[in-house]
Amino acid sequence: MAVQNDLQLQETHPLHYYEVAVNRPLFQTYTYASFQPISLGCRVQVKLGHSTEVGIVVAQSTKAPDSDFTITTIDKIIDPTPILSAEILTLCHWGSSYYFQPLGEFIFTFIPNYLKQAKLLESLYIEAFEITSKGKYAKLPSQAIKQSDALATIQTLATTSNSNLVAKTTLNQHDIKSDTLRQLLKKELIQKSLIPPYAYTTAPTQTNENSLTLNQEQSDAVSTVIKNQNTFKSILLEGVTGSGKTEVYLNICRHFLNQGQQVLLLVPEIGLTPQLSERLQTQLPYPMITLHSDLANKERASRWLQTKHSTSLVVIGTRSAIACDLPKLACIILDEEHDSSFKQQEGIRYHSRSLAIKRAQLKSIPILLGSATPSLETLTNAEQGRYQHLRLTKRATGANLPEIEIQDSSRLTANQVFTDSTSEAIRNTLQKQQQVLVFINRRGFAPTLQCSQCHWVADCEHCDVALTIHKATNSLDCHHCEHKQPIPRRCPSCNSPYMSPLGFGTERIESELIQHFPDHPIIRMDRDSTQNRGSLEKIRQTLLEGTPCILVGTQMVSKGHDFPNLTLSVVLNCDNGLHNQDFRSKEHLLQNLIQVAGRSGRSKLQGQVIIQTNYPDHPLFVHFKEQDFPGFAKEELTHRKKLGLPPFHHQAAIRMQSLMDNQAFQKLLSLEKYLKDCVYAQGNQNLDISLTMPAAIERKSNWYRYLIVVSSPSRKHLHQYLNIAHEYLLKIPRTKKLKWVIDVDPLDT
DNA sequence: AGCACGCCGACT
DNA sequence: GTCGGCGTGCTC
């Protein structure tokens with residue numbers, strides 16, 4: 001072992017060794033030397049291979065490396081103070097090994113893009129001062145008026161704000177000169193830190209504490225969480241739509257904030273509506289930070305760095321906010337815990353719910369999982385006593401359950417959208433000056449373009465899917481890759497001019513509605529219509545005004561919004577959720593339907609829900625009509641238990657894809673054989689290894705995709721075998737033509 | 001993931 | 001003879 005730099009000059013300084021993780025798919029960390037001690041969690045710049053990388057110091061090396069390679073020194077220490085706390089580092093270590101993701105990449109998924117470069121945060125950080133313990137009781141000579149004034153000012157500002165740290169700019173505004181501060185620093189009466197600017201914490205605003213009085217169930221929920229203060233405890237809050245979960249969250253937040261502590265509120269991707277943050281903001285006289293995906297880079301970084309500097313703080317964020325630094329974290333709340341957007345499906349795969357629970361455990365704090373329709377995993381955890389199960393059974397707002405009607409759509413012709421009775425209901429609602437929601441989980445005009453003569457269908461040339469017709473752009477778009485093409489005039493197969501759209505998407509529903517209800521505004525809300533910044537907000541404002549109108553949209557309409565004058569929800573085309581091969585599709589469909597139903601009649605007005613289906617007798621609708629999610633869950637769980645499916649068996653998918661159709665399949669086959677041999681050799685009956693099979697869409701962007709599903713009732717056994725599989729996979733290099741990934745707790749197999 | 005190295009085939 | 005495509009292996 002040798003150190004590259006000149007040791008002679010540095011001899012008096014001890015050499016430190018650190019493990020550094022970089023943002024690359026490497027399943028190990030690398031050891032670097034430093035003449036200066038560095039805190040764990042700081043960013044550093046290091047040479048790796050032939051390039052320069054930003055890395056995170058994740059550990060102190062326990063031993064000086066004994067092999068014969070040359071250790072290089074760290075080029076530069078980027079951060080004066082860690083950007084990741086020890087707690088977050090521990091969480092990332094756990095997550096990285098639980099999910100079989102490279103530590104560096106895992107850590108970097110939580111770091112804002114702005115901080116992924118080596119740029120020092122000079123533009124972001126500002127100087128701040130706080131009084132030292134020595135400074136608190138210091139007696140200054142009577143002629144040092146400026147210094148004692150300065151101390152007094154810092155003291156006052158510190159007590160009126162929520163932090164001991166007072167920004168230098170603030171002090172300058174109070175006529176305190178830099179020179180005075182320097183003298184106080186020299187006497188160690190104050191100390192200096194670099195902190196991110198405070199501009200992004202919303203200042204405590206006007207208090208509006210005339211909160212609604214809670215009913216018994218609600219206040220029980222609040223007190224259960226408070227009672228478990230400083231204890232690791234998972235609590236499921238199962239509250240029917242409108243039962244006032246938000247009030248519960250609010251009161252929990254208020255309690256902990258009053259104590260000068262912090263609360264982390266995680267919400268689904270599109271659930272982070274201004275509505276929710278406004279509500280919390282006006283009800284809690286404390287600062288709040290929201291972290292969502294479409295913030296400008298710099299602003300996001302600024303907010304992210306800010307969270308650790310403010311006591312009495314609520315952070316509201318999506319998935320990745322689980323790893324923001326909150327030293328005074330007292331409680332985690334995971335709203336809509338069943339929502340699948342908490343699971344990252346691309347790139348680094350992890351589930352925020354699992355990380356949140358792990359974090360609560362590491363920190364010994366309670367975690368509240370809220371939902372009207374809990375995931376069967378969470379329900380089972382509650383059932384088996386691992387989580388406490390609380391229920392909110394009463395609609396707190398006083399609104400009644402919506403009237404639910406299942407309409408048989410099997411006799412409609414191919415070009416008919418609504419049954420007569422549905423049209424009638426829409427007309428009536430508009431006549432009553434109320435609003436209608438039409439929900440269809442498919443964007444575009446129609447999902448297929450077909451030749452009426454020879455039944456040729458326009459398929460994507462890169463994927464095994466049909467192209468979607470988009471009238472707005474007058475093109476055929478693939479929803480699985482970037483491919484777009486013009487709509488052909490004639491059939492490329494038989495030259496017939498009769499090409500017709502098959503099926504319905506939001507665009508087509510919109511145009512149908514415009515024909516049928518020309519006197520009312522039709523508003524479309526899907527990914528295509530909300531691409532511009534602010535367009536979502538504009539739609540929301542229109543709906544809040546209460547003008548009678550029809551809102552047509554995908555999934556995105558069903559989350560988080562609260563429009564008091566919306567009284568009718570119509571659900572179209574949910575039938576593939578009934579018969580999908582994915583075992584979770586029924587669970588997800590019912591969760592979705594109940595959520596959509598919850599959109600109508602949220603105020604005093606009676607709500608109404610119409611489902612149009614070709615299978616009106618499907619048992620799922622019986623549960624839906626009675627809003628009986630627990631009943632459904634019970635049946636479904638019996639079924640899952642019988643089949644050895646989650647949550648009774650834990651699963652992992654080993655996914656492999658290649659640009660050549662055979663490669664990934666062949667390599668997976670040999671892994672399958674290897675794993676089966678291992679299981680056989682050890683005589684383990686506790687593990688099930690599936691056959692190598694094609695993914696639901698076998699070819700996507702020209703990648704041929706296959707998977708093996710490994711499952712076991714024992715988490716320990718599953719991971720034991722995943723470790724074996726992982727060892728094997730590490731010998732198969734991931735190249736430009738072949739990729740693999742282990743997907744622990746997959747949501748789609 | 002980058003990047004270099006090295007092996008092969010093509011082309012002034 | 002050399003330019004460059006791509007498969008392979010390494011990064012403290």
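All heavy atoms count here, side chains included; hydrogens, waters and symmetry mates do not.
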Exercise. Taking atom C1' of C:dG9 as reference, at what distance in whole Å does atom CG of A:Leu26 sit?
Worked result: 12 Å
Exercise. What integer distance in Å separates A:Arg24:CZ from C:dG9:P?
Worked result: 18 Å
Seminar exercise, completed: Sorted by position of nearest nucleotide on DNA chain B, 5' first, the leading residue of A:Pro25 and A:His50 is A:Pro25
Set out, line by line, the N/O atom pairs under 3.5 Å between protein and nucleotides 4-7 of chain C.
from: C:dG7; atom 1: OP1; to: A:Lys737; atom 2: NZ; distance (Å): 3.4

For this session: Please state how far atom CG in A:Leu48 lies from atom C1' in B:dC3, giving the value in whole angstrom units.
Result: 11 Å
Exercise. Atom CD1 of A:Ile56 to atom P of C:dC12: distance rounded to whole Å?
Worked result: 18 Å
For this session: Check whether the side chains of A:Ser61 and A:Tyr32 place a donor and an acceptor atom closer than 3.5 Å, and report yes or no.
Result: no
Exercise. Nearest-Å distance, CG (A:Leu103) to P (B:dA1)?
Worked result: 17 Å
For this session: Would you confirm whether the ring centroid of A:Tyr350 sits within less than 6.0 angstrom of the ring centroid of A:Phe110?
Result: yes
Problem set entry | Gap between atoms CD and C1', on A:Glu19 and C:dT11 respectively (whole Å) | 14 Å
For this session: Round to the nearest Å and state the distance from A:Ile74 atom CD1 to C:dC12 atom C1'.
Result: 10 Å
Problem set entry | Pair A:Asp75 + A:Lys47: basic N to acidic O under 4.0 Å | yes
Exercise. Hey, do the aromatic rings of A:Phe106 and A:His93 have their centres closer than 6.0 Å?
Worked result: no
Exercise. In whole angstrom, what separates A:Arg734's CZ from B:dG2's P?
Worked result: 13 Å
Exercise. Does A:Arg734 count as lying over the ring of A:Trp740, i.e. NZ or CZ under 6.0 Å from the six-ring centre, within 45 degrees of the axis?
Worked result: yes
Problem set entry | Sub-6.0 Å ring centroid separation between A:His479 and A:His470 | yes
For this session: State whether A:Tyr30 places a side-chain N or O below 4.0 Å from either non-bridging phosphate oxygen (OP1 or OP2) of C:dT11.
Result: no
